[in-house]
Amino acid sequence: MKLVLLGAPGAGKGTQAVRIAEYLKIPHISTGDIFRKNLKEETAVGLKAKAYIDKGQLVPDEVTCEIVELRLKEADCKNGFLLDGFPRNLQQAKALDKMTSLDKVVNLDVDLKALAGRLTGRRVCDKCGESYHISTKKDEVCDKCGGKLYQRADDTLETVNSRLEVYSASTAPLIEYYKDKGILVDVDGMQSIEQVFESVKKVL
Ligand code: AP5
Ligand code: MG
């Protein structure tokens, strides 16, 4: 199945993507994760992306679309994939239309007012990428793999506000774009993590 997971920053895309990818046995492709990996390895792409990520702005479309196009050509995407964080504006959606045809777009519907708290309290494992929240996770060790938890550099209140503005202006219009194509399914992202996953499974 060829899927896109749509949703605001902090809607739970990464959290659900790990579960969905495992459930459907398809690769999870997160453009944010790809940029952060490149940043850590100090590649040319990583250094270019840093200035945008730090400000909560979108990395230019030509850089992002090329990365996705190359990734979708890899052998593991032959039987499907789950895109998380791409596309993020109309230009990227149109570029994606030229690369492949999607089966479904799952939109995680959330109250934007709840997201600043989710993001500023998020902690991520530096080994496996699992996300936690400080309200329920009291130590700094990943339950899954024992890795160390860290706070993403763009999870400060200032950058979070800018990411939410970018979402409303550039990404939210994609809901209508995919609704018009008849492939959008909405899931209530304000439920618990497990309930959201159950709802996603029902609509797939
Ligand atoms: P990216 O990494 O994609 O970040 P994002 O879209 O801002 O989304 P997040 O990863 O912050 O949120 P999420 O929805 O994955 O939430 P999560 O599951 O972790 O992008 C980062 C940057 O890279 C962008 O700003 C941009 O600069 C660049 N970039 C990336 N893609 C790009 C593109 N296509 N074009 C251009 N630039 C691009 O959950 C968040 C928190 O909430 C966690 O603490 C989690 O435990 C908690 N949580 C999750 N689900 C629930 C729930 N149901 N109830 C309560 N808490 C929950
Ligand atoms: Mg994410």
Side-chain angles (χ1 to χ4, degrees), residues 4-21 28-39 45-46 48-69 71 82-96 106-112 114-125 128-137 142-144 149-156 158-172 174 187-200:
V4 163
L5 200 49
L6 205 61
K13 300 183 297 296
T15 304
Q16 296 302 325
V18 173
R19 290 162 173 78
I20 299 165
H28 165 207
I29 303 170
S30 155
T31 40
D33 288 349
I34 293 173
F35 287 134
R36 280 183 291 277
K37 183 168 182 281
N38 274 276
L39 202 61
V45 164
K48 194 165 192 178
K50 185 180 183 331
Y52 298 93
I53 295 176
D54 284 352
K55 283 193 227 125
Q57 301 293 322
L58 295 184
V59 177
D61 292 338
E62 57 274 19
V63 180
T64 313
C65 291
E66 194 188 343
I67 286 175
V68 173
E69 189 163 15
R71 182 64 187 88
L82 174 62
L83 282 167
D84 156 9
F86 183 94
R88 257 180 149 91
N89 61 26
L90 210 52
Q91 294 89 309
Q92 293 183 8
K94 287 184 174 162
L96 182 61
V106 178
N107 178 43
L108 293 180
D109 193 17
V110 285
D111 178 358
L112 295 187
L115 301 181
R118 279 195 191 183
L119 290 168
T120 52
R122 170 170 55 188
R123 296 294 181 271
V124 185
C125 173
C128 73
E130 179 73 7
S131 278
Y132 295 91
H133 195 273
I134 49 169
S135 58
T136 50
K137 180 72 175 148
C142 178
D143 297 337
K144 273 188 156 178
L149 306 190
Y150 73 100
Q151 184 171 25
R152 261 171 55 176
D154 61 346
D155 277 348
T156 59
E158 195 190 353
T159 313
V160 162
N161 285 334
S162 148
R163 284 157 61 198
L164 290 170
E165 278 169 26
V166 169
Y167 168 78
S168 296
S170 303
T171 314
L174 295 184
V187 167
D188 176 7
M190 296 304 289
Q191 308 173 87
S192 73
I193 291 172
E194 286 317 315
Q195 283 168 335
V196 174
F197 184 46
E198 287 308 313
S199 301
V200 170

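The figures that follow rest on heavy atoms only: side chains count, while hydrogens, waters and symmetry mates do not. Counting starts at 1 for both ligands and their atoms, in listed order. Keep in mind that this is a model prediction, so the values were computed, not measured.
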Test Val4 against every option in Leu96, Leu174, Asn107 by the side-chain contact (heavy atoms from CB on, under 4.5 Å) rule and name the one that passes.
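Only one option passes, and that is Leu96.
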Run the salt-bridge test on Lys137 and Glu130 with the 4.0 Å N-O cut-off and return the result as yes or no.
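So Lys137 does not pair with Glu130 through a salt bridge.
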Pair Arg163 + Asp155: basic N to acidic O under 4.0 Å
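Yes, this pair counts.
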Nitrogen or oxygen atoms of [X] and ligand 1 under 3.5 Å apart:
X	answer
Asp84	no
Arg123	no
Ser30	no
Gly56	no
Val196	no
Gly14	yes
Asp33	no
Gly10	yes

Among [options], which one has a heavy atom closest to [atom]?
atom	options	result
atom 47 (C) of ligand 1	Lys55, Arg118, Gln191	Arg118
atom 24 (C) of ligand 1	Arg36, Gln195, Arg88, Arg163	Arg88
atom 34 (N) of ligand 1	Gly85, Gly121, Pro87	Gly85
atom 10 (O) of ligand 1	Arg152, Lys13, Met190	Arg152

For Ala49, is the nearest heavy atom under 4.0 Å from an atom of ligand 1?
no
With a heavy-atom distance limit of 4.0 Å, tell me whether Ser192 approaches ligand 1 through its side chain, its backbone, both, or neither.
backbone
With heavy-atom distances below 4.5 Å as the criterion, would you say the side chains of His133 and Arg123 are in contact?
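No, too far: nothing below the 4.5 Å cut-off.
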